[in-house]
Amino acid sequence: MHPYSTPRPSQLAGGPGADSLLEVPAVSSSAQIIPITPEVIAAIPARYGSTRLPGKPLLQLAGRPMIEHVYRRVAGARGLARIVVLTDDERIAQAVTAFGGEVELTPEECASGTDRIAHAARRWPGAAAVVNVQGDEPLIDPEAVSAIAAHLAAHPEDPMVTLAAPFAAPGNGSAPTGGDGGAGGDGAASSLAAELANPNVVKVVVALDGRALYFSRSAIPYERQAPAGGGGAAGATPLRHLGIYGYQRAALLALADLPPSPLERSEALEQLRALEHGMSIRVLLTAPGLPGVDTREDLERAERLLALGSDR
């Protein structure tokens, strides 16, 4: 066992099951054989270095390091055999151990989260699939993780799976008090345009069979001509990519062995390596999630949401 390996999520410090062990009943020779569920592991890559927020996994949110919030949220998901933080930094490893999480050290030279997970997954021969949860998602919905895990287990023919959500449609929000609704609609449309133009918000377009066609930091698809007056045939709904992935283990290892691709380098999006090399990515549609933490402003927003209980 790795020196930083610790018990399962049910043994989290202060969590349920910390003082008890499950009694495993004896199985008679006449007992019905139950199919074994494929082992799905949730991996949380976390590195200390960050251009905009150095030491991001250890930044405090509501009295706990960010990585602990992520771990505890993932621990609420279904269908996982293990949850493990992967890091190259002793400080992060010590923080995870302190709250009772499982952690493994990985080499500093791992160029990306995918490479870090693949390095660890080579030591997990029993794993059928891996869910990649970003270490800067302290408000991640456990149901999103459950959906990825369930799809991986039920559809081994899909090498990769991810999530996307529709952008909020302009005009869906209520008008400001005392207003006529016009300003509210204009504000919503302006907000949508800003989100689509924001390079930190990744967009995805999806084929009719549910597989990803392309991911971009630019606004896609381009709306050449919106239906006049709201009439006419509707075009494709803009989709925001949610940065959680699932891989069949064999696909993960194959992907990590591929060289970075031209589109991946252009957009700085790892998932484009898979598409350029012909690996399909299944996209599951879900409700919009709460934001991750990329900037100091994001950190302050997450702090407010946690204080208000909006993460539940």
Side-chain angles (χ1 to χ4, degrees), residues 1-19 41-77 80-121 123-124 130-142 144-145 243-245 289-307 309 311-312:
M1 177 175 291
H2 193 278
Y4 283 112
S5 293
T6 54
R8 302 290 192 208
S10 61
Q11 306 298 317
L12 280 176
D19 299 319
I41 296 176
I44 307 173
R47 65 187 187 92
Y48 193 88
S50 173
T51 304
R52 286 174 289 190
L53 285 176
K56 182 162 55 172
L58 300 182
L59 294 178
Q60 292 290 305
L61 280 171
R64 292 175 175 172
M66 187 187 303
I67 192 65
E68 181 174 353
H69 286 282
V70 178
Y71 197 104
R72 290 181 179 274
R73 300 286 289 185
V74 176
L80 300 175
R82 290 173 62 199
I83 304 168
V84 57
V85 174
L86 303 175
T87 185
D88 59 359
D89 192 275
E90 291 278 355
R91 291 164 291 187
I92 295 174
Q94 290 169 7
V96 175
T97 301
F99 66 74
E102 182 177 352
V103 62
E104 292 183 17
L105 286 169
T106 51
E108 291 184 12
E109 57 267 23
C110 291
S112 67
T114 300
D115 294 325
R116 196 171 302 283
I117 294 172
H119 177 89
R123 304 193 296 262
W124 305 337
V130 180
V131 181
N132 177 356
V133 181
Q134 302 299 317
D136 57 4
E137 296 279 349
L139 303 177
I140 191 168
D141 185 356
V145 182
I244 176 173
Y245 298 93
L290 292 170
V293 175
D294 289 316
T295 64
R296 180 64 60 179
E297 291 73 21
D298 294 337
L299 184 70
E300 293 169 355
R301 177 172 52 183
E303 182 81 51
R304 291 194 300 270
L305 289 171
L306 286 167
D311 62 311
R312 295 180 176 86

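Residue numbers start at 1 and run along the sequence shown.
The two residues D136 and M66 have their closest heavy-atom pair at CA-SD, 3.7 Å. Contact record, P45 with A43: CD-O, 3.4 Å, taken as the closest heavy-atom pair. Taking all atoms of both residues into account, the shortest heavy-atom contact from V70 to G135 is CG2-O, 3.5 Å. Considering all non-hydrogen atoms of both residues, G292 and D298 come closest at O-CB, 3.6 Å.
D115 pairs by the salt bridge (Lys or Arg N to Asp or Glu O under 4.0 Å) definition with nothing, not counting sequence neighbours. Residues forming a side chain to side chain contact (heavy atoms under 4.5 Å, CB included) with D89 (at least two apart in sequence, or on another chain): Y48, T87, R91, I92. Residues forming a salt bridge (Lys or Arg N to Asp or Glu O under 4.0 Å) with D141 (at least two apart in sequence, or on another chain): none. For P54, the side chain to side chain contact (heavy atoms under 4.5 Å, CB included) criterion is met by no residue, not counting sequence neighbours. Residues satisfying the side chain to side chain contact (heavy atoms under 4.5 Å, CB included) test with A95, not counting sequence neighbours, are L58. Among residues two or more places apart in sequence or in another chain, the side chain to side chain donor-acceptor pair (under 3.5 Å) test is passed with E297 by T295. In this view, Q60 and P65 satisfy the side chain to side chain contact (heavy atoms under 4.5 Å, CB included) rule, not counting sequence neighbours. Applying the side chain to side chain donor-acceptor pair (under 3.5 Å) rule to R296 yields no partners; only residues at least two apart in sequence or on another chain are considered. In this structure, the side chain to side chain donor-acceptor pair (under 3.5 Å) partners of T114, at least two apart in sequence or on a different chain, are Y247, E270.
Residues P142 and R73 are in side-chain contact: their nearest non-hydrogen atoms beyond the backbone lie under 4.5 Å apart. Using a 4.5 Å heavy-atom threshold, the side chains of L306 and H69 count as touching. The side-chain heavy atoms of D88 and R116, taken from C-beta on, include a pair separated by under 4.5 Å. The side-chain heavy atoms of V74 and E137, taken from C-beta on, include no pair separated by under 4.5 Å. Side-chain contact between T97 and Q94 is absent, with no heavy-atom pair separated by less than 4.5 Å.
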E90 and L105: side chain to side chain contact (heavy atoms under 4.5 Å, CB included), yes or no, with the steps?
-> CA-CA 8 Å; E90 291 278 355; L105 286 169; 3.7 Å; yes
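A donor-acceptor pair is defined here as one N or O able to donate and one able to accept, closer than 3.5 Å; such a pair exists between the side chain of Y71 and the backbone of I83. Distance alone, capped at 3.5 Å, places no donor-acceptor pair between the Q134 side chain and the I44 backbone.
The CD1 atom of I140 sits 4.0 Å away from atom CD1 of I244, with the distance rounded to the nearest 0.5 Å.
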